[in-house]
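To find a chain, count down the sequence lines: A is the first, B the second, and so on, and within it residues start at 1.
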Amino acid sequence: MLPCTPAADSLEWLARPALQALIDALTARGHRVVGPQVADGAVVYRDLADVNQLPAGWLDEQDGGHYRLRRDDAAGWFDHVVGPHSLKNFLFPPREPIQRLVREDGTWREEPAPQEQQPLAVIGVRACDLAALRVQDRVFLHGGHVDVAYQARREKLFVVAVNCRRAAATCFCHSMKCGPAATHSFDLALTEAGNRFAVEIGSERGREILSALGTAGLLTPCTADEADRVRTIPHDLERTMHARVAEPGVPRPRSLDTDGIRDLLYDNLEHPRWRVVADRCLSCANCTLVCPTCFCSSVEEVADLSGDDVTRERRWASCFTLAHSQMHSGAVHATVASRYRQWLTHKLAGWIDQFGTSGCTGCGRCITWCPVAIDLTEEVAMIRESAPP
Amino acid sequence: MNSMNSLNSTHAMSPSASAGMQGQVQGHVQCQGHSPWQLQATRIAAIREEAPGVRTYSLTFAPRGPRPSFRFAAGQFNMVSLPGIGEAAISITSDPESLSGIAHTVHAVGSVTRALARLEVGDELLLRGPYGVPWPLADLRDRDLVLVAGGLGLASLLSAIAFCMTHRGDYGRITVLSGAKTPVYLLATNHHHRWRDHGIDVHCIVTDPDPRWRGPVGLVSMLLDSLTIDPDATSLLCCGPEPMMIAVAEQANARGIAREQIFVSIERLMGCASGLCGLCQLGPFFVCRDGPVFSYDRIARWLAVPHL
């Protein structure tokens with residue numbers, strides 16, 4: 001093959017082992033490269049140096065409160081779907097110093113808080129998480145105030161998306177119109193086919209780095225027919241997801257009817273179903289931690305013994321805690337029912353008012369990682385079913 | 001001393017500060033590139049004991065360096081910031097047009113406010129702000145005003161009263177109704193004569209009178225009941241505990257004041273005060289950014305739901 005400059009609308013073939021060259025090229029350009037790996041019984045994002053670290057041949061079984069990995073020799077490198085981590089873990093880290101204050105002679109002086117400077121590249125991002133990235137962009141970049149630290153990380157982020165070929169029972173991106181096809185917010189997108197990836201360019205930076213792989217002779221052009229076939233893969237999956245029906249003995253496939261959902265929830269803030277779900281909800285906050293869009297945070301004061309050197313650390317907060325709404329007069333969200341209601345109505349209704357988008361991308365993590373298998377699609381369906389007209 | 005990163009640099013302004021004039025601060029303004037956490041330093045110039053546990057702190061800016069152009073509108077709040085302890089949202093109680101600094105009236109009930117109570121005159125106090133949507137006083141010109149306060153809620157209305165005294169001719173009848181549990185918690189009683197000198201009626205009521213109390217006993221809504229109003233010409237501003245505000249607003253509405261002309265100031269736990277941290281949500285709103293002042297027609301639906 002001659003060296004090529006890939007066109008933005010064409011697909012290029014990259015042999016699976018040559019993905020190593022992409023990792024190396026990103027690393028050589030100064031990126032910290034992160035990708036999915038099997039650890040602690042789940043597929044999580046870890047620093048990625050070698051393609052052999054990827055979860056090749058692993059599939060995940062997901063259901064309410066259930067996540068198991070199993071080997072499948074027929075599975076590709078990316079046929080698992082989403083694990084507990086998302087881009088949120090990196091762009092909006094669970095803990096982050098935002099301010100350092102030092103007192104001398106009774107006067108406080110602000111020292112710059114340390115900031116992560118290294119650009120990040122994430123390999124294996126799914127369509128639901130691309131949608132979540134767009135949602136978090138609205139929150140942190142276009143919500144009124146610009147979150148400067150988020151902005152710095154976001155501008156340097158390099159995203160290698162993967163088109164899903166398979167959906168877990170908990171996946172409902174098709175209902176949220178967020179997937180499974182990766183259509184935006186990536187630099188490169190991979191579709192696995194046989195022993196190779198079809199690579200799509202999503203940005204100038206993506207084109208530049210793919211050109212480097214082309215120069216190294218690692219790319220083969222897709223023919224028009226091959227490209228058409230590759231592009232149908234996620235769309236075929238989407239059709240399959242729409243057609244899924246519950247069958248005995250297998251996890252129920254999820255979907256969510258979003259028609260009029262904002263008003264449905266706002267009109268049912270005192271629906272008895274909130275108390276029913278509260279009887280099961282442990283208020284453990286897992287759903288908010290694994291959610292790729294939940295953005296609540298609080299600031300902790302971290303002081304030395306003298307109290308003269310204070311770092312303010314922003315940490316993820318959760319509306320499932322009493323502290324989230326604590327005032328002198330008591331917690332506003334005093335009951336579990338009110339806390340679950342806060343989460344669900346914010347996610348599926350309040351977000352639309354605040355940011356012009358739903359806060360849910362249909363990734364299903366909140367269903368999988370709920371210890372008692374509470375399922376937001378089921379809760380909304382129950383409210384819809386029994387809502388007064 | 002190292003004056004780099006001095007806390008009172010002039011750019012330490014909040015997004016809404018530049019709007020300045022009363023009523024012109026509508027919603028929030030985009031603020032590119034500034035950290036929402038940027039603090040500015042003030043010096044405690046005076047402390048006045050208002051009631052048990054309640055003190056008014058008069059603050060001056062810029063003991064060193066250039067004076068920052070801190071401007072606020074009545075009804076806005078600051079995040080008072082005590083490193084190592086935390087931050088608390090406190091309404092600004094002083095005259096928004098005063099050039100001699102600002103004041104906060106604070107009840108020492110939480111960790112931040114109790115730590116604040118240990119500070120003395122001359123100490124440094126950090127804050128950031130101002131934040132939030134103010135009382136819409138510019139939109140209320142030529143109208144009769146009824147200002148209804150429950151307990152410490154009066155703190156949020158004091159700056160509005162100060163503004164109204166300066167611009168007295170712009171408004172019709174002005175009445176302040178102040179209610180508290182006990183007479184000692186009726187704030188700012190030392191200002192009543194000045195308010196009256198400016199043609200502002202003041203009526204007080206308590207629920208737990210002491211032997212020296214000669215005024216009416218009951219809820220502040222009783223004062224509203226006995227007040228003669230022209231509902232079409234009247235706007236009502238209310239700050240106090242949420243059940244009290246709901247009761248007053250409903251009563252005012254029943255007396256014929258339109259919900260659009262009833263304004264309440266909502267309290268919620270505030271974190272960033274910039275609509276980023278998610279703590280102060282109420283229905284579709286971030287109270288820090290979309291409030292704390294809301295017209296009752298916008299907020300009534302959400303206030304009516306318990307624990308929302």
Select one option (side chain, backbone, both, neither) describing which atoms of [X] are under 4.5 Å from chain B's heavy atoms.
{"X": "Arg262(A)", "result": "neither"}
{"X": "Ala337(A)", "result": "neither"}
{"X": "Val332(A)", "result": "both"}
{"X": "Ser325(A)", "result": "backbone"}
{"X": "His328(A)", "result": "side chain"}
{"X": "Phe355(A)", "result": "side chain"}

Under 3.5 Å, is there a donor-acceptor pair linking the side chains of Asp105(A) and Thr107(A)?
-> no
Verify the distance criterion only: is there a donor paired with an acceptor across the side chains of Arg134(A) and Ser185(A) at less than 3.5 Å?
-> no
I'd like to know if [X] and [Y] make a salt bridge, using a cut-off of under 4.0 Å between side-chain N and carboxylate O.
{"X": "Arg312(A)", "Y": "Glu87(B)", "value": "yes"}
{"X": "Arg259(B)", "Y": "Glu250(B)", "value": "yes"}
{"X": "Arg103(A)", "Y": "Asp304(A)", "value": "no"}

Closest-packed option against chain B by number of heavy-atom pairs under 4.5 Å, given [options]:
{"options": "His333(A), Glu270(A), His324(A), Gln342(A)", "result": "His324(A)"}
{"options": "Ser338(A), Ala303(A), Ala149(A)", "result": "Ser338(A)"}
{"options": "Arg339(A), Arg314(A), Glu300(A), Gln326(A)", "result": "Gln326(A)"}
{"options": "Cys296(A), Cys319(A), Gly350(A)", "result": "Cys296(A)"}

Just say parallel, tilted or perpendicular for the rings of Phe140(A) and Phe295(A), cut-offs at 30° and 60°.
-> perpendicular
At a heavy-atom distance under 4.5 Å, which candidate from [options] has the highest pair count against chain A?
{"options": "Pro241(B), Gly122(B), Ser274(B)", "result": "Ser274(B)"}
{"options": "Gly278(B), Pro284(B), Gly84(B), Pro83(B)", "result": "Pro83(B)"}
{"options": "Leu308(B), Asp123(B), Thr113(B), Leu282(B)", "result": "Leu308(B)"}

With a 4.5 angstrom heavy-atom cut-off, which part of [X] approaches chain A: side chain, backbone, both or neither?
{"X": "Pro306(B)", "answer": "both"}
{"X": "Ser111(B)", "answer": "neither"}
{"X": "Glu242(B)", "answer": "neither"}
{"X": "Leu82(B)", "answer": "backbone"}

Close side-chain approach of Leu276(B) to Arg289(B), heavy-atom, < 4.5 Å | no
With a 4.5 Å heavy-atom cut-off, do Leu133(A) and Leu157(A) have their side chains touching?
-> yes
Is the side chain of Arg138(A) donor-acceptor paired with the backbone N or O of Gly356(A) at a distance under 3.5 Å, no angle test?
-> yes
Do you know which two heavy atoms are closest between Lys88(A) and Leu289(A), and how far apart they sit?
-> NZ-O, 3.5 Å
In Å, rounded to the nearest 0.5 Å, how long is the span from CG of Asn286(A) to CH2 of Trp369(A)?
-> 9.0 Å
